[in-house]
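Down below is the structure, laid out as structure tokens.
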2 protein chains.
Amino acid sequence: MLEIIFQTLEKILPVSPSLLEKAQAHLDFLTKPPGSLGALEELAKRYVAIQNNESPTLKKISTVVFAADHGVTAEGISAYPPEVTPQMVMNFLNNGAAVNVLANHVNAEVTIVDIGVNFQFPSHPNLLDRKIALGTKNFAKEPSMTRSQAEKSIATGIEIATESAKNGFDILTTGEMGIGNTTPSSAIFSILGNIQVEDVTGRGTGIDDSALIKKISVIKKGIELHQPDPDDPIDILAKVGGFEIGGIAGLILGAAAQKIPIVVDGFISSAGAALALKMSPSAGDYIFPSHQSSEPGHKIFFDMLGHPPLFDLNMRLGEGTGALLAVNLIQSAVKIYNEMATFQSAGVSTKQTS
Amino acid sequence: MLEIIFQTLEKILPVSPSLLEKAQAHLDFLTKPPGSLGALEELAKRYVAIQNNESPTLKKISTVVFAADHGVTAEGISAYPPEVTPQMVMNFLNNGAAVNVLANHVNAEVTIVDIGVNFQFPSHPNLLDRKIALGTKNFAKEPSMTRSQAEKSIATGIEIATESAKNGFDILTTGEMGIGNTTPSSAIFSILGNIQVEDVTGRGTGIDDSALIKKISVIKKGIELHQPDPDDPIDILAKVGGFEIGGIAGLILGAAAQKIPIVVDGFISSAGAALALKMSPSAGDYIFPSHQSSEPGHKIFFDMLGHPPLFDLNMRLGEGTGALLAVNLIQSAVKIYNEMATFQSAGVSTKQTS
């Protein structure tokens, strides 16, 4: 394993229970019935404990969108042609996509990482060139990538998280673009969860019944052919994964090592997060889930993580859109923590003792 | 019935289906798979159709918090003493409560309406004095208020909505404060939904088992004693309601008459909204629900409205907090509508035809 991955895993520590308790104690002094802000209190508590700061800050937000292509699209498993991956990257760079709109809404900086798109982009200030290959191989025929490429994709994510920490970002959010990428994501969840492919495979951007049947059979074929080791996340990533999924896994590991909260977007980001969790269960303490996507396999992620999704808005776009909506809730939670009056300062009577 | 209520009901018209279709057509041109933003698209569509504006604006937000006291607290149905109502009103005016924090987060103006608090407040620029009485009567013994007071509470809400329209607000959000007010709310839902009191009654701000049993028996007693007419919302409000609940019902009717979107907060606001819906089913076209509260009776509201809650964060604070979180989602949706590139403008390929 690459040294940087090994070192990163060593640095990831669980969030301190005493810091969590301290944060909850502060929340209980605020002018509201204890626990009455529900999940907002959970968000605030964990955020404060991670940041280890009684006056938590949530100003600098970095949205990292990993883009890559997938050889498996040759099997006809997506509703959109593969050229949409570079076209959407250009749309991101031109500030025209949903992820841009929602990032602008919360004042997040968007970085697009070309980690394996089948296109040579002109240079652009918001585009990081970290291309590992011009897309993965078709895993219905050969492994998606080599083990060394899989490690490199994870290392890429780690490096970006480390750089973000140096640049003072308070929180990271994941995102991705890659036509065909619900297919490797379903494969990953089937293997990690030891669940039938049928039960973790959905319609992605909107395929019809016959394409769905094909998608399921392609995933089964890939798993059958390459026999990924369910206890070796790098093996899974190499055999049926994608470069952007490895990048996301690395970003999460890097954020956890740097003690930075990271918000995970939808199904594909969760596949990356699931690989990260398999490598380091403690990384889960730094992960804030966002939405429940329409993909059926997504529920496995929440079971692994032990935190429920914050909301279910029937979204299935990816890019990072769900994570950015969640940022708003986390911002709200942090402000509740920082700005509310206490019972004592406001002169409000506390609960009647019965 | 007061003339202003009658005139308001006459003015409420359903939202035009053709405007809804037109808005959806625009959403389908944007660079995302059709429908992939799920509930955000539904929010944008309805907002645009209500505003009848292809470049919708969501800048000026008014949060109206109705505060009132409840005679029924004499029965020991709340975890907090009644003096917390005026104490929390002062906390609102001092910008220290959760509703203030979340309103500041979305830049909403907060107006507190004293529609029936058992306290004489000093004047304050953010406090509207619309006191109808020093709290309701104890409905376990006599009707909460007279029919004339019930109408006056509704008229108060209508007047505030009309004034908001004149002042150019784009959207209204409801909120309330009143120790004991889950009790009248449960009574209202039991009557409107023709459902057992046990099934619509929860723990409010956090009562224990014995207080819950008492709360249920008090509600049953009130309904048994006064026999509110389930087809007469004003009769229900008068016999087992509260002044803030009437104010919220009026605010919703007024917003619908003025064609202004209105976001409904949690359980108590929904009881007001349910009365408004009973008076004018078309008012529902202007209502944006927010969260599913922890109160079991809340689901009746969503059934009546025909729109599901946007999220369930286990919140049970009220004040307007859930509605303000929803505003953020509506803002996100409106920005998606206004700011995303189209497939054509971005040069992105559309879906493959199979």
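Each chain gets a letter, A, B and so on, in the order its sequence line appears, and its residues count up from 1. Because the structure is a prediction, the values reported are computed rather than measured.
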Legend entry - When A:Ser332, A:Ser36, A:Pro308, A:Gly318 are compared by non-hydrogen pairs under 4.5 Å with chain B, the top option: A:Ser36
Inset, instruction - Examine the side chains of B:Asp265 and B:Thr174 and answer whether a donor and an acceptor come within less than 3.5 Å of each other. - result: no
Inset, instruction - Start with the C-alpha distance between A:Tyr337 and A:Ser55, add both sets of side-chain angles, then the distance that settles side chain to side chain contact (heavy atoms under 4.5 Å, CB included), and finish with yes or no. - result: CA-CA 8 Å; A:Tyr337 191 95; A:Ser55 302; over 6 Å; no
Legend entry - Neighbourhood of chain A inside residues 39-46 of chain B, taking heavy atoms under 4.5 Å as contact: B:Ala39, B:Leu40
Inset, instruction - Mark yes or no for whether B:Tyr47, through its side chain, and B:Thr57, through its backbone, hold a donor-acceptor pair below 3.5 Å. - result: yes
Inset, instruction - Go through the atoms of B:Met340 and report whether side chain, backbone, both or neither lie under 4.5 Å from a heavy atom of chain A. - result: both
Legend entry - Part of A:Leu325 within contact of chain B (heavy atom distance under 4.5 Å): side chain
Inset, instruction - Could you tell me whether B:Phe343 atom CZ has more than 12 heavy atoms of other residues or ligands within 6.0 Å of it? - result: yes
Inset, instruction - Output the option from A:Leu37, A:Asn95, A:Thr321 having the highest count of non-hydrogen pairs under 4.5 Å with chain B. - result: A:Leu37
Legend entry - Greatest number of heavy atom pairs closer than 4.5 Å to chain A - which of B:Val84, B:Asn314, B:Asn328, B:Thr205: B:Asn328
Inset, instruction - Could you tell me which portion of A:Ile207 (side chain, backbone, both or neither) has an atom closer than 4.5 angstrom to a non-hydrogen atom of chain B? - result: neither
Inset, instruction - Quick one: which of A:Asp312, A:Leu329, A:Asn338 has the most heavy-atom pairs under 4.5 Å with chain B, could you say? - result: A:Leu329
Legend entry - Residue pair A:Ile330 / A:Val263, side-chain heavy-atom distance below 4.5 Å: yes
Inset, instruction - Provide the closest heavy-atom pair for B:Phe302 versus B:His307 in the form atom of the first, atom of the second, distance. - result: CD2-O, 3.5 Å
Inset, instruction - Sort out for me which of A:Ala341, A:Pro86, A:Ser349, A:Ala346 touches chain B most, counting heavy-atom pairs under 4.5 Å. - result: A:Ser349
Legend entry - Segment of A:Leu102 engaging chain B (4.5 angstrom heavy-atom cut-off): side chain
Legend entry - B:His291 and B:Pro309, any side-chain heavy atoms less than 4.5 Å apart: no
Inset, instruction - Could you tell me whether a side-chain N or O of B:Asn104 sits under 3.5 Å from a main-chain N or O of B:Asn107, the two making a donor and an acceptor? - result: no
Legend entry - Sequence neighbours excluded, every pair satisfying salt bridge (charged side-chain N to carboxylate O under 4.0 Å, His left out) that has a member inside residues 76-86 of chain A: none
Inset, instruction - Taking B:Thr85 for its side chain and B:Ile179 for its backbone only, find out whether a donor-acceptor pair lies under 3.5 Å. - result: yes
Legend entry - Heavy-atom contact with chain A under 4.5 Å, split by part of B:Asn94: neither
Inset, instruction - Could you tell me which portion of B:Pro34 (side chain, backbone, both or neither) has an atom closer than 4.5 angstrom to a non-hydrogen atom of chain A? - result: both
Inset, instruction - Supply the atom-to-atom distance A:Glu319 CD to A:Glu176 CD, rounded to the nearest 0.5 angstrom. - result: 8.0 Å
Legend entry - chain A contacts, top residue of B:Arg316, B:Met315, B:Met90 (heavy-atom pairs, under 4.5 Å): B:Arg316
Legend entry - Residues B:Asp209, B:Lys214: salt bridge by 4.0 Å N-O rule: no
